[in-house]
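This report refers to the structure that appears directly beneath it.
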2 protein chains.
Amino acid sequence: MNALKEFEDFIENGYKTYIPHVCIDCVIFGYHDHRLKILLSELEGLNGLCLPGGYIKRTDTMDEAASRIVEERTSIKGLYLQQYKTFGGPDRVKFNEIDLDKLTKVPVFKKLKSSWLIDQTISIGYYAITDFSLSKPQPGFMARSCDWYNIDKIPSLLFDHNQMVKNALQTLRSQLYYQPIAQNLLPEKFTLTEIHALYETILGKKLDIRNFPKKMAFLGLITKLNEKRNIGPHRAPFLYTFNKKKYKKALELGVTLS
Amino acid sequence: MNALKEFEDFIENGYKTYIPHVCIDCVIFGYHDHRLKILLSELEGLNGLCLPGGYIKRTDTMDEAASRIVEERTSIKGLYLQQYKTFGGPDRVKFNEIDLDKLTKVPVFKKLKSSWLIDQTISIGYYAITDFSLSKPQPGFMARSCDWYNIDKIPSLLFDHNQMVKNALQTLRSQLYYQPIAQNLLPEKFTLTEIHALYETILGKKLDIRNFPKKMAFLGLITKLNEKRNIGPHRAPFLYTFNKKKYKKALELGVTLS
DNA sequence: CGCTAAATGGTAAAATTTACCAAATAGAAA
DNA sequence: TTTCTATTTGGTAAATTTTACCATTTAGCG
């Protein structure tokens, strides 16, 4: 079966393999060198940008489904994934704003109007993180485009996707000090300057360059190595690694205040 | 239509009014006088305790649906509600562990086996809070029982409901200092001792009786009134109220660390 | 009028965060 | 070789916040 046939079959019979009325939308954050971006797509038949999304196979857990959706666009397996909020309500997707008549004229969408896809759907929000310099976005044949957009220049998105981005970013920021987020964005060995830039960029604010290492050391999240890296004409910085045990412990303790 | 007929119709045609494959389960926390409890039910036809739950009407937002589900059991409108996590996966509800053959012999469940209810369902977790001394649990006709259980004596529950309780409690605790949780559990005017007991009970640990007021005052969450309450043979304590504006502000600021 | 139990003001020590100064240093340029 | 530059990093003082506890106040009771 070729891709088009496969998609026609998805429209007609997808409800047999996937759970109807439930989808997953992913905010895929990409970080590299002081820049934080997210992945947005223009979908075939829709006029505007939206988050990568998809349905849950009946045999999959939600995490597995999210993982598959993310892999389709980034071609990276096993990205760090986190569920952050579920979105619903009768006004989430306004079908009257989608020109179904026009869409149905495109051969693949022939049977869309009467399909299981045209019904109220709740969306489970996940966020993922990766180094955007390592991944080449894949539009696939469903999307006309798939590109990285700077987090501070996100245009108006389709459906409730702007709200999703906002909530995902809030969650990402609140979890930065106890989830292994940075571990997924830096190499095994990294310098203080690198992790400092990462934290500043994700949190969107300045962190004192001399106090930041003390905080990380105090929290015990990173360990200084007895190695340095050669960085050209300046003093060679020490290398550090993550203390994975500490992250794990911080995670178990939870976020309970006081 | 009587209640039984109505339920038979729900089994047969409910998918027209409700969104299939999606339900809401609620951890309803009840607090009173140093005790924290949750509401558990024994459902007709099932052997064990579980959380109050229900489906989402196609015309409702998720919050409205959760509100309705909570109202059915507590007969209280407008309880404080919070979505905390969504649960899914093929192993959530093990239909083979439910004796459908036996169940189908009960007249109301006649058409259950082939109904829209017997299919994989993801559950959106909400928690609610109330003063359990003010509400009389309503089993309704679907449940054989509906009672308050102490949070530290929760038995083994059906499905993944123990996990749900655990996550809900974690969320409740983490939100206690910036969500108006206590406002929903104390009268308009309250004493330091009362709110102190509330915080200790929900967080499950001791908080120094002299430092606690200072913390609350520092956060600006409560305001001292120029009134006292007569409490018998001891010094009359001052009354306090919540500073609702501050809570609102704390909420907007989010939980971002550092 | 003293007694009791609860409420609360106060304060010192400990812990943590914030703000900067100044020294160390690797390679490039003079 | 020496000087220069940009960066890394040790250190420290001040400010803020948390923690631990002592001592005083007070309402009603016997």
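In this text the structure is predicted, and so the values were computed from the model without any measurement. Scope of the values below: all heavy atoms of this structure, side chains included, with no hydrogens, waters or symmetry mates. Below, chains carry the letters A, B, ... as their sequence lines are ordered, and counting in each starts from 1.
- Put simply, CZ on B:F190 is 16 Å from C1' on C:dA7, counting in whole angstrom units.
- Side-chain polar atoms of B:N167 and B:Y127 form no donor-acceptor pair below 3.5 angstrom.
- Atom CD1 of A:I209 and atom P of D:dT8 are 7 Å apart (whole Å).
- Classified by interplanar angle (parallel below 30°, tilted 30° to 60°, perpendicular above 60°), the ring pair B:F132/B:W148 is tilted.
- The closest donor-acceptor contact from the side chain of B:N162 to the backbone of B:P155 lies under 3.5 Å.
- Protein atom CG of B:N211 is 19 Å distant from nucleotide atom P of D:dT16, rounded to whole Å.
- Geometrically, A:K215 engages A:Y177 in a cation-pi contact, judged by NZ or CZ lying under 6.0 Å from the ring centre and within 45° of the ring axis.
- End-to-end axis angle of the helix from C:dC1-D:dG30 to C:dA30-D:dT1, using five pairs per end and rounding to 10°, comes to 20°.
- Note: NZ (A:K224) to P (D:dT8) measures 13 Å, nearest angstrom.
- Across the protein-nucleic acid pair, B:L225 atom CG and C:dA7 atom P stand 16 Å apart, rounded to whole Å.
- Going from atom CD1 of A:I222 over to atom C1' of D:dT8 covers 14 Å, rounded to whole Å.
- Using a cutoff of 4.0 Å between basic side-chain nitrogens and carboxylate oxygens, A:E64 and A:R68 are not scored as salt-bridged.
- Comparing B:T191 and B:K214 against DNA chain C, the residue whose closest nucleotide sits nearer the 5' end is B:T191.
- Salt bridge B:R92/B:D25: present, at least one basic N to carboxylate O contact under 4.0 Å.
- Comparing D:dG11, C:dA19, D:dT8 by their closest approach to the side chain of A:D208 singles out C:dA19.
- Ion pair A:E200/A:K205 not flagged as a salt bridge, since none of the NZ, NE, NH1 or NH2 atoms sits closer than 4.0 Å to an Asp/Glu carboxylate oxygen.
- C:dT8 atom P lies 13 Å from atom CG of B:N226, rounded to whole Å.
- At least one cation-pi condition fails for A:K37 and A:Y149: the charged atom is not both under 6.0 angstrom from the six-membered ring centre and inside a 45 degree cone around its axis.
- The pair B:R229-B:E194 meets the salt-bridge criterion, since a charged nitrogen lies less than 4.0 angstrom from a carboxylate oxygen.
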Atom pairs, N/O to N/O, protein against nucleotides 27-30 of chain D, distance under 3.5 Å?
residue: D:dA27; atom: O4'; partner: B:H234; partner atom: O; Å: 2.8
residue: D:dA27; atom: N3; partner: B:P233; partner atom: O; Å: 2.9
residue: D:dG28; atom: OP1; partner: B:N230; partner atom: OD1; Å: 2.8
residue: D:dG28; atom: OP1; partner: B:N230; partner atom: ND2; Å: 2.7

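- Side-chain nitrogen and oxygen atoms of A:T193 include at least one within less than 4.0 Å of the OP1 or OP2 phosphate oxygen of D:dT8.
- Atom NZ of B:K206 and atom C1' of D:dT18 are 19 Å apart (whole Å).
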